[in-house]
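Here the structure is laid out as structure tokens; the discussion comes afterwards.
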Amino acid sequence: MIKQLLSNNIIEALDTLKLSHEKEFTVEIPNNPEFGDYSTNAALVLGKENKQNPMQLAEKIVKELKKNKAYKKVEIAKPGFINFHLAPSLYQQVFWEIYKNQEYGSSDFGNGEKVLLEFVSANPTGPLNIVSARAAAFGDTIYRIMKYVGYNPAREFYINDAGNQVDILAESLELRLREIHGEKIGEFPYEAYHGEYVKHLAHRLNALEGTRVFMMPEKDRLEHLKEFALSELLEMQRNSLEKFGVVFEGWVSEKTLRSEGVVEEVLSYLTEADCTYEKEDAIWFCSTKYGDDKDRVLMKSDGSITYFVPDVAYHLTKIQRGFTKLIDIFGPDHHGYVPRIRAAFRALNYDDSILEFIFLQQVNIFESGERVKMSKRAGKIVTMDELISVVGKDAARYFFIARKANAHLNFDLELALKKNNENPVYYCQYAHARICNIIKKARSEKLFPKHFTKDMANKLTKPEELALIQKMADLPELLILIAVHREPHRLTTYLEELASLLHHYYERYQIVNPKSPALTHSRLMLLFTVKKVMGICFELMGISAPEKM
RNA sequence: GCGCCAGUAGCUCAGUAGGAUAGAGCAGCAGCCUUCUAAGCUGCGGGUCAGGGGUUCGAAUCCCUUCUGGCGUGCCA
């Protein structure tokens, strides 16, 4: 908010001086307070294009800027920085704006662009695991923030309910079912799904239908088992996500897509574009012509289709539905997949720059200081549900978004189990609860004003008060940056900084003081606004903002 | 072999997309509760930003290269 303001002032000054400003300059909060409240590199960056040395240029700009009374002091430093010291009145004015705005930080920056966020999209062959949980928290937070800054995003889950893996699932279920009926199945196949949940499914099916499945012809039987397993597991996944606060606008089934004939469509499009060929009884896509490092099989030699074809079809439906940015959030094992889907887009003459891929690196679970090895196939996984029941939704979501996407994430279960305050989410929530408590106390002592006024805002002059205002003023620009760069972790950093300033302020000043009601009102107004801003951040992260702890 | 990602304090990680003296939390040490929640605050110590070159007024950040770790390199998804 203030950065934008200063930036505009600098541009105005440059314009009146008839100086060019092609290159982008920045306004930032310097880490050394000696360099002022804000600082810009404008003169350094624009020196070249104006053919002046930075110091001279800075002097001209400063002379012009000094006409503005909002600045207590504007200085020039060494190579050509311009440092601003702001008058408290500017902070107070900004604070008043923040206070008045109920949806503070929101904007129309995204211009209503339709963005599709596809994430989780796990195989419906088991309970959701930790990586899916990370994807869910990450994708959902990006969704919330993009929406808040004016995009028109949608969340979508692509269900891989066709193909090889679900066949194996059905076979695994059948084996477990036979086991229940006392058949000796020998060693459980390596490829099959070993998880306990398959046994649970078998028992459930047995209770519902008994031996009826075994009377069916093999093909019908597997189909039946598949349908049963899929619907059960999908429901399970949906429940897990809902418990995690993640709801999808769309669930797109691969099976449905296939039955609508889009597979044939894509195949014929690619053939028409002359980029398929036959080799070894299979049909190939010559993706190498479009930047892939290897050609890809479209139709296997047994006549079945690879997952790639319906996936291309699925991405094309996104375009047909009017989305102009397609963001796929993937686990670390999918990056080899990018060149081939881009290749398909190019081959079919679609602009592949609307595709964007975000890769979340793996999550390592630590228990008793040791890494827990996980394998879905072997049934050794820590599920999303387990995690939530152990550490809670808030802590889980917070941890998952607190790291940037392409960094590994170490999750120490034991630490989380301790439920002590080593968790930064408590630090932030505690700050919020503290404010609520102070407000409660003020109300009980009849020191909470009926209305907050601009006069009250103007009494805030302590450095700690101005620091809180400065931090709050950062939020609108920050949210835009987060949306543009898809980096939700920066919101947790921000919230921790805001909470820290609040705790410091709390320790140093008494807020509710019957001896000076006027000052009490001003400070309550500040805390009330901090609480609102924190509440907005929590909401954007899908984390609760507790009134007391 | 090739491709992608990462390497910052003892540990977990930030670092405002090239800015000034690289920051937090935890762990360690020393302090602060008859006053609004001590789940908090104050102070101290801790660094060859993996190594080496380059680009420029200026590099943790961009380019090249080496090393280390993770992942990928299926007619699985």
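Since the model is a prediction, treat every value here as computed from it, not as a measurement.
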A:Lys48 NZ to B:G58 P, in whole Å, measures 10 Å
Looking at A:Phe35 versus A:Phe81, is the centre-to-centre ring distance below 6.0 Å?
-> no
Categorize A:Pro30 for me: base, sugar-phosphate, or nothing, with a 4.0 angstrom heavy-atom threshold over every strand shown. nothing
inquiry  = Taking the P atom in each of B:C63 and B:C26, what is the distance between them to the nearest angstrom?
reply    = 35 Å
Per the glycosidic torsion and the 90° limit around 0, nucleotide B:A30 is anti
Legend entry - Touch class at under 4.0 angstrom, heavy-atom based, for A:Arg296 against every strand present: nothing
Within the structure provided, determine whether A:Arg523 and A:Tyr509 are in side-chain contact (heavy-atom separation under 4.5 Å). yes
With a 4.0 Å cut-off on heavy atoms, is A:Ile29 in touch with a base, just the backbone sugar-phosphate, or nothing at all?
-> base
Would you indicate what A:Lys404 reaches in the nucleic acid, counting non-hydrogen atoms under 4.0 angstrom: base, sugar-phosphate, or nothing? sugar-phosphate
Under the 5.5 Å and 30° test, is A:His485 stacked on the base of B:A17? yes
For this session: Determine the contact category for A:Leu44: base if any of its heavy atoms lies under 4.0 Å from a base atom, sugar-phosphate if only primed atoms, P, OP1 or OP2 are that close, otherwise nothing.
Result: base
_Exercise: do A:Ser301 and A:Asp281 side chains pair donor with acceptor under 3.5 Å_ = no
Only residue of A:Lys294, A:Lys289, A:Arg296 satisfying salt bridge (charged side-chain N to carboxylate O under 4.0 Å, His left out) with A:Asp292 is A:Arg296
One should read off an interatomic distance between A:Met456 CE and A:Thr520 OG1, to the nearest 0.5 angstrom, of 10.5 Å
Heavy-atom nearest nucleotide on RNA chain B taken for A:Asp333 and for A:Val27; more 5' hit belongs to A:Val27
Is A:Gln510 touching bases, backbone alone, or none of the nucleic acid, heavy atoms closer than 4.0 Å?
-> base
Sugar-phosphate, base or nothing in reach of A:Ala77, heavy atoms under 4.0 Å:
base
Exercise. Checking all strands, does A:Asn41 fall into the base, sugar-phosphate, or nothing category for heavy-atom contacts under 4.0 angstrom?
Worked result: base
5'-most contact on RNA chain B (nearest-nucleotide basis), A:Asp293 vs A:Asn410, goes to A:Asp293
**OP:** Check every strand shown and say whether A:Asn83 touches a base, only sugar-phosphate, or nothing at a heavy-atom separation below 4.0 Å.
**Re:** base
Please state the P separation for the pair B:U35 and B:A50 - nearest whole angstrom.
48 Å
When both distances are under 3.5 Å in a Watson-Crick or G-U wobble arrangement, the nucleotide paired with B:C2 is B:G72
A:Tyr506 OH to B:C33 P, in whole Å, measures 14 Å
| message | Rounding to an integer number of angstrom, what distance separates B:U8 and B:G25 when you compare their C1' atoms? | response | 15 Å
Open item on the list: Heavy atoms only, 4.0 Å cut-off, all strands: where does A:Asn32 land among base, sugar-phosphate and nothing?
Closed with: base
Within the structure shown, what part of the strands sits under 4.0 Å from A:Tyr509 by heavy-atom distance: base, sugar-phosphate, or nothing? base
Aro-ring/base stack A:Phe35-B:A20, d under 5.5 Å, angle under 30°
yes
Fill in: Aromatic stack A:Phe81/B:A20: centroid gap under 5.5 Å, interplanar angle under 30°
yes
Less than 3.5 Å apart, any donor N or O on the side chain of A:Asn83 or A:Tyr38 sitting next to an acceptor on the other? no
Q: Could you measure between the two P atoms, the one in B:A6 and the one in B:C64, and give it in whole Å?
A: 14 Å
Next on the checklist: So A:Ser121, base contact, sugar-phosphate only, or nothing? Heavy-atom distance under 4.0 Å.
Outcome noted: nothing
Side-chain atoms of A:Glu28 come closest, of B:A39, B:U16, B:C41, to B:U16
- Task: Scan A:Lys294 against the nucleic acid and name what it touches under 4.0 Å (heavy atoms): base, sugar-phosphate only, or nothing.
- Result: sugar-phosphate
Practice problem: Give one of base, sugar-phosphate or nothing for A:His335, where a contact means two heavy atoms less than 4.0 Å apart. | Solution: base
Its glycosidic angle compared against 90° from 0, B:C29 adopts the form anti
